[in-house]
Structures are given as structure tokens and as C-alpha cells.
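Note on naming: letters A, B, ... go to the chains in the order of the sequence lines (proteins, then strands), and numbering restarts at 1 for each one. Keep in mind it's a predicted model, so treat the numbers as computed, not measured.
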Number of protein chains: 2
Amino acid sequence: MKTLRVPEATVTRLSIYSRYLEQLDRNGVTTVSSGEIAEGVGVSPAQVRKDLAYFGEFGTRGVGYNVKDLLRYTKKILGLDQQWPLVLVGAGNLGYALCTYRGFNSRGFKIVGVFDNDLAKIGKKIGELEVLPMEKMPEVIREHGARIGIIAVPPQAAQEVADYMVKNGLEAILNFAPVALNLPAGIEVRNVDLSVKLEILTFNLGFKSAQRL
Amino acid sequence: MKTLRVPEATVTRLSIYSRYLEQLDRNGVTTVSSGEIAEGVGVSPAQVRKDLAYFGEFGTRGVGYNVKDLLRYTKKILGLDQQWPLVLVGAGNLGYALCTYRGFNSRGFKIVGVFDNDLAKIGKKIGELEVLPMEKMPEVIREHGARIGIIAVPPQAAQEVADYMVKNGLEAILNFAPVALNLPAGIEVRNVDLSVKLEILTFNLGFKSAQRL
DNA sequence: CTCCTTAAGTTATAAAATTCACATGCTAGA
DNA sequence: TCTAGCATGTGAATTTTATAACTTAAGGAG
């Protein structure tokens, strides 16, 4: 199987293209060009074509891409042609928001278990889910075949939670705690850092002010 | 002022170094080497030194960096030597979580106004803040000198909110809605996409499975 | 005071990602 | 059927970013 490595930036953009295609599809658009996608998501047309080229040929020369088809392909590539059960640790405000976040459901993600070690939170309902004690995680993972966990706990607790997840067979972790997790090779980890992008903004605003001097 | 362009990846890492330094400082560590920072945040030592080199010389050869000093420098560079008042639109679960997120406060960000157009939400309290109608935004921006806005509304409403923010003088936007915003040049926009990183994980898990075949 | 170790700062090299430019091939219209 | 126009796919060129190798300087031991 000849598979040259795909840059992560390409996968990121593919995810964005995919969601944009969903929007086009909802609006009844049937055909789209690389240029239109590019404009819609804010990259160059060449970038769009190059990104897609990693995975095959999906368009028709002189015409463009069939929206429905390309949407299906992109979702397939991203692994979104199936439902992904997720377990989430941390039933604070962020955990609550993630549980109720529509953007997950609409892309095939479903949170099947919410856990916390705070007795005050255990037993509470988040939508149809009940917050469970950590000890229940193994059972829920097994029952639903979950492979991915989400961490939405304070930074001090994140490493411990991550270790527990790995111990119980999870293969990938989406970490919202602002710390670098130390995990065995083979475990996929991605961090979503809520304040880093904000600090990029303040950096740029500061730079802008400086340039005016 | 000779200022060569700083890669955004460098700024991103600088933000991460900075937070790691805060952690070291809290733990009473006084000196740190590029190698230790590197290990702590998961990059190479050369990367750390190279990143810092964009901004000056902060260490002592043969010794390392003074934690407190480097922390102060990184915060200064990122523009975090001042308080940043923020306005937030969208008082849903995500908006609520962002308002109460400690990671913002601890880095000098303070949400000074929360807005929504949903009558059911207006008037409600989030901590000490009251959810206000959109029309109050200009006043709050002026009063606090806010330059940055956060968008935490559903994707359909995001563009409109962004336009309103720009109209009222905001210069930078942190957008949590999964759509690309179309804004005039000069307005700084960064998107935090809650599901993109998740889709990178599913992509990688799928790839991993495929490789086993 | 000198040597040795350490680690920052810097230059050079390599790798990676993006852009460019063009050839290919499809569609529609005459 | 032929031609013109258009948008894809792709290989090459460029730019950007990261790694590695080297130089410089500080501090401590003898």
C-alpha cells in the first residue's frame, strides 16, 4: 500500500472543506470549484487541489467537484462514515458545553459517557446522560467500543485522567486542559487550547501598535 | 525597527512556553534550560532556542534561563503585561463555559460583557456579569476599551455577529463558530474549532487501522 | 588562573509546505 | 465534429519552517 505521509495541516483543512461542503449541500449547491471552496474557507485554490490530490481525483476537469460526492469522500477519508462513541471526563462548565455541543453530533460523534470524581457532580444529568464516577469508565468503554476520550478537567488533574484513559484502552485523546500530556507512543493526542489563539491575537495587536510608532 | 516576520507557529509555542514557565515558577523552579522546556512542552530544544531568538537573548550560556525573567519576557512579548477586556457574544453553554474559564483570567483576560439576542437569556447572570442585549455592546466596548471579541454563537449567526463587532470598533475576533468569517483586512481573526482536532484523531485512527491490513 | 563542562545563541543544512504554471481533459456551443 | 473555454491535476520552483551542527560564553573545580 503506497501511502505517502499526509501533512497534518492538510487533514485540518480537509476537515474544514468537509464542513463547508456540508453547508453548500444544505443550500442545494450541486457543483463547486476549487476556487469557490478556497474562497469559502480562506485558502488558495491550488491549496485545495493539492490537499485533495493526496487522496485521489475527485473532480471533473472543466467542471469542478460534485458537492455531494466530494462531501462523502472527505467524510470517508476523515473516518466520519461511522459513528464515534466518545467518553468525556470533567463535568464542569466546559464538559457540560462539550456534551451539548451540536457540532459533534452533526459530524458523527456521540458522547456516551461523562465522568467526574466530584461527588457533587456525580449523578447529575447532562441531557440524557448521567455523570458517572470514574470507576465506571471501563464498563462504558467496553459497552460502546469507545476509542477516543475527551479531557475537560483542570490542568492539575489532566495527566492522571489521561493515564487512566490509556490504561482502559482508549487510543486517542482530545485534551482541553492547558498542559502537555506525557503518554506512551501510539496514543494519539491533540490539544485544544482555548487561550493560545487569544494570545496570538494580543501578540498581533501589540505588533500592530508597535508598527504605528 | 528591524523586525523580521515571526512565524505564527513560533507565537503559538511561545504562548505554550509561557504557560509552562508559569507552572515552573509556581513550583519554585528558578532556572530552566531549553532542553527542560522542550521536554515539558513536547518540542525539540533547538526549537525552543530558535523561537526565543526571534525576540532577543534571554538566557545565560552554560546556565540556562531564569524562570521568572523569561516568564516576564514571554508575557511581555505576547502582550500579556496588561489586562485585556473581552466582549463575548453567545450566552449558550459554550459562552457560559468561556465566561467561567479560569485559563483566561489567569493570563490577564477579563470578559467584561456578555451579549445575546435571545430574550430568554438576556438578564440572566453569569458569575457577576449579566447577559445584555446586543445593542448594549457599543457602550460596553467604549466603557472598557475592549479591542477583542469572542464569538460563541451558532454558525448561522456568526457572520452577522462578527460584522457587528467590527462595526463597533473591535479589532480582533476569536471565533468558536465552525465557519469561516469574511471580514475586512486588518481585522485579526482566529478560529477555535472544537471538532477539527477530533477529526484529525479519527483520521489517524482510521489510518492506523488501514496500516494493519 | 586555567581548564573543562554546560548550555545559549547562531549559522548552515535539510525537510516540508505552499505557490506557481502548465498540460490534460471535459463540456458546451456553433 | 470541431473549437473555445474552463477547471482539474501535477511536477517544478519557491518559500517557509525545522533540525542539526557549530561557536561563544558563563561558571565551577582544581
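Listed nucleotides: D:dA20, D:dT10, D:dT8. Nearest to the side chain of A:Glu57: D:dT10.
Summarising the geometry of B:Ile148 relative to B:Leu170, their closest heavy-atom pair is N-CD2, 3.9 Å, with the distance given to 0.1 Å.
Remark: the backbone N or O of A:Asn191 is paired with a side-chain donor or acceptor of B:Lys197 at under 3.5 angstrom. Remark: the backbone N or O of B:Asp51 is not paired with any side-chain donor or acceptor of B:Thr10 at under 3.5 angstrom. Of the possible polar contacts, one joining the A:Asn168 side chain to the A:Tyr164 backbone as a donor-acceptor pair under 3.5 Å is found. The backbone N or O of B:Gln47 lies less than 3.5 Å from a partner atom in the side chain of B:Ser44, making a donor-acceptor pair. In this structure, A:Asp116 contributes its side chain and A:Asp118 its backbone to a donor-acceptor pair below 3.5 Å.
At a non-hydrogen distance threshold of 4.0 Å, nothing from residues 8-21 of chain B comes into contact with DNA chain C.
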Exercise. For B:Leu70 and B:Leu52, run side chain to side chain contact (heavy atoms under 4.5 Å, CB included): C-alpha distance rounded to whole Å, both residues' side-chain angles, the deciding distance at 0.1 Å, then the answer.
Key: CA-CA 10 Å; B:Leu70 188 56; B:Leu52 294 175; 4.2 Å; yes

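In terms of position along DNA chain C, the nucleotide closest to B:Arg61 lies nearer the 5' end than the nucleotide closest to the other residue of the pair B:Arg61 and A:Ser44.
At least one side-chain nitrogen or oxygen of B:Arg5 sits closer than 4.0 Å to the OP1 or OP2 atom of D:dT17. In this model, the phosphate group of D:dA7 is not approached by any side-chain N or O of A:Ser34 to a distance below 4.0 Å at OP1 or OP2.
At a cut-off of 3.5 angstrom, the base of D:dT19 holds at least one donor-acceptor pair with the side chain of B:Lys50.
For the pair B:Arg49 CZ and D:dT17 P, the interatomic distance rounds to 20 Å; values are reported in whole Å. Look at CD on A:Glu36: it is 8 Å from P on D:dA7, rounded to the nearest Å.
Nucleotides of DNA chain C with any atom under 4.0 Å from a heavy atom of chain A span, from 5' to 3', C:dA17 to C:dT27.
The CD1 atom of A:Ile77 lies 12.0 Å from the CD atom of B:Glu199; values are rounded to the nearest 0.5 Å.
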